[in-house]
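Each remark here refers to the structure printed beneath this line.
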Amino acid sequence: MAEAAYQICVNAECKATYDVGEVLFACRKCGSLLDVAYDFSRVRLPRRLSDFELRWSKRKDPLNLSGVWRFRELIPFAKKRDIVTIGEGQTLLIEARESLAKYVGLEPGRFFLQYEGLNPSGSFKDNGMTGALTHARMVGAKSAICASTGNTASSLALFAAASGALRAIVFIGKGKIAHGKLAQILDHGAKTLQIEGDFDDAMQKVQEVATDPRYYLVNSLNPFRLEGQKAIMFRILESLGWRIPRWIVLPGGNLGNTSAFGKAFQELYELGLIRRKPHLAAINSTGANTFYQIAEKKGIKWNKGKVDEVAIKRYYQHMDERGIRAKTIASAIEINRPVNLIKALRSLEWTRGLVRQVPDEEIFDAKAQVGKGGLGCEPASAAAVAGVRRLRREGIIGEKDLTVALITGHLLKDLDATVGYHTTPKSELPEVFAGFKVKRARFQNRPIPVANDLEAILRALKK
Ligand SMILES: *Cc1c(COP(=O)(O)O)cnc(C)c1O
Ligand SMILES: [Zn+2]
């Protein structure tokens with residue numbers, strides 16, 4: 001299968017191509033992002049998408065058990081023996097409870113949650129990590145390295161520990177890091193360097209270290225990660241009996257998912273395996289809204305691969321001059337300069353998609369509603385649900401539109417934020433917790449203080 005794959009520069013004026021065995025994270029000629037591309041005429045594709053379901057009956061084969069490699073003909077860059085898999089992507093599409101559908105304004109039965117918190121490391125990142133580490137094995141790397149404030153690093157640490165395929169090295173800054181994620185990094189035995197500096201310093205240094213090919217970089221620039229993430233969309237379609245939803249709504253951080261999902265649907269469409277594409281809606285936090293500003297306010301478009309890079313640079317300069325820095329409780333999307341911006345603009349064009357922003361209060365409230373509806377998520381994931389609610393209010397999503405929100409990470413990843421939301425007395429709001437000021441908390445569930453006395457307890461139960 002591997003012979004069908006190559007790498008190609010996304011810039012329409014360059015389009016340089018590279019072998020799939022090269023380790024590059026930008027085009028050598030022009031510096032743009034790279035795609036993994038395929039000559040699908042050399043791949044033996046199933047006739048219908050539903051043929052993939054047959055693999056379930058053969059899931060003793062780890063490649064069939066994997067929610068990513070079950071779809072290997074749609075991600076054909078690796079030989080089977082190079083694939084690094086630990087059973088990632090066995091996740092569920094769950095119909096939202098009626099209360100949650102009502103909260104966002106959709107008719108019951110029209111709203112679904114794709115629960116990626118069920119992955120081995122508790123976030124969708126495992127879908128991408130299997131892709132990146134497979135490529136790392138193809139090129140003979142011994143160590144994989146990343147700078148991360150969270151889920152990429154926990155995913156790398158767990159994958160390295162579970163597969164034994166290579167060594168994990170993680171750079172973290174001195175700034176905040178959600179304890180659920182730090183706990184995973186440490187417990188799974190990743191070599192962890194805490195750089196004297198912030199996250200951006202750590203990112204800078206990791207890229208310098210990764211110029212040595214023995215250190216394989218798994219940060220968001222890595223196009224092989226995005227190939228694995230495409231499988232999330234294949235699983236959504238599969239769970240819907242190959243119906244195409246009208247909307248797929250997801251949080252936007254470094255925009256890896258936004259890029260990967262658009263590519264997944266474009267490829268299926270061009271292969272004639274689907275007849276219609278869903279619209280993608282990427283949701284920023286108001287406190288970290290670079291994508292919203294660029295795509296919606298400045299109106300910068302993919303423009304068939306001729307993106308107005310000067311206008312983007314001008315916006316970044318404006319951010320620097322004004323001291324605009326990402327700040328949101330949703331730490332997984334607290335990003336100033338999303339690395340996959342260009343590809344994400346392309347996804348918007350391919351799917352006639354859009355970007356919205358939601359304030360942290362709405363993210364928190366949506367998160368509590370997701371929790372009450374029987375699923376747990378971390379703050380960044382709830383941005384997608386808050387985004388659905390916004391788009392319903394704007395009338396862009398109709399009440400009968402089949403809509404899927406991507407739940408990217410598990411509740412237990414970030415506990416300070418959740419406990420803070422539920423326990424801060426209303427009289428003390430607005431209050432700063434987990435480093436963020438929250439003005440209101442509509443769906444608090446505060447513990448009731450009570451004396452260690454049966455009478456008092458029974459009285460409290462009746463209230
Ligand atoms: C990484 C991450 C995101 C952001 O995804 P991008 O692909 O970078 O836009 C959102 N939610 C969670 C939980 C994450 O770990
Ligand atoms: Zn190029």
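For ligands, and for the atoms within them, numbers begin at 1 and follow the listed sequence. Reckoned from all heavy atoms, side chains included, excluding hydrogens, waters and symmetry mates.
Considering both main-chain and side-chain atoms, Ser123 never comes within under 3.5 Å of ligand 1 through any nitrogen or oxygen pair. Here's the thing with Gly409: none of its N/O atoms is less than 3.5 angstrom from an N/O atom of ligand 1. Not a single N or O atom of Gly252, backbone or side chain, sits closer than 3.5 Å to an N or O atom of ligand 1. At under 3.5 Å, not a single nitrogen or oxygen of Ser381, backbone or side chain, sits near a nitrogen or oxygen of ligand 1. For Gly256, a nitrogen or oxygen atom sits less than 3.5 Å from a nitrogen or oxygen atom of ligand 1, counting backbone and side chain alike.
Atoms of ligand 1 lying under 4.0 Å from at least one heavy atom of Ile333, given by number and element, are 4 (C), 10 (C). Close contacts of ligand 1 with Thr408, meaning ligand atoms under 4.0 Å from a residue heavy atom, involve 10 (C), 11 (N), 12 (C), 13 (C). Close contacts between ligand 1 and Glu378 involve ligand atoms 13 (C) [criterion: under 4.0 Å to a heavy atom]. Interface of Lys125 with ligand 1, defined as ligand atoms under 4.0 Å from a residue heavy atom, comprises 1 (C), 2 (C), 3 (C), 14 (C), 15 (O). Near Ala380, meaning under 4.0 Å from one of its heavy atoms, ligand 1 places the atoms 11 (N).
Between Arg356 and Glu296 there is a salt bridge, with a side-chain nitrogen of the basic residue lying less than 4.0 Å from a carboxylate oxygen of the acidic one. In summary, Lys313 and Glu309 do not engage in a salt bridge, as defined by a charged side-chain N under 4.0 Å from a carboxylate O. Salt-bridge annotation for Asp35 and Arg346: present, with a side-chain N of the basic residue lying under 4.0 Å from a carboxylate O of the acidic one.
Within the structure, ligand 1 lacks Ser220 among the residues with a heavy atom less than 4.0 angstrom away.
A cation-pi arrangement, defined by a distance under 6.0 Å to the six-membered ring centre and an angle within 45 degrees of its axis, is present between Lys277 and Tyr269.
For the pair Lys343 and Leu226, the minimum side-chain heavy-atom distance is below 4.5 Å. Contact annotation: the side chain of Lys181 approaches that of Ser331 to within less than 4.5 Å [non-hydrogen atoms, C-beta and beyond].
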Full working for salt bridge (charged side-chain N to carboxylate O under 4.0 Å, His left out) between Glu116 and Arg235: CA-CA 11 Å; Glu116 290 298 311; Arg235 297 200 298 272; 2.9 Å; yes
Between Phe77 and Phe224, does a ring pair (Phe, Tyr, Trp, His ring centres under 6.0 Å) hold up when you go through it step by step? CA-CA 9 Å; Phe77 69 81; Phe224 296 90; 4.9 Å; yes
Going through the checks in order, is the ring pair (Phe, Tyr, Trp, His ring centres under 6.0 Å) test met by Tyr115 and Phe124? CA-CA 9 Å; Tyr115 190 35; Phe124 80 84; over 10 Å; no
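Cys30 contributes SG and Cys14 contributes SG; the angle these two atoms make at the Zn ion (ligand 2) is 120°, rounded to 10°.
Scanning the protein heavy atoms around atom 6 (P) of ligand 1, the nearest turns out to be Leu255 N, 3.5 Å. Looking from atom 5 (O) of ligand 1 to the surrounding protein, the closest heavy atom is Phe124 CZ, 3.6 Å.
Around atom CZ of Arg322, no more than 12 heavy atoms belonging to other residues, nucleotides or ligands sit under 6.0 Å away.
Among Leu250, Leu226, Asn257, Asn254, the residue whose heavy atom lies closest to atom 7 (O) of ligand 1 is Asn257.
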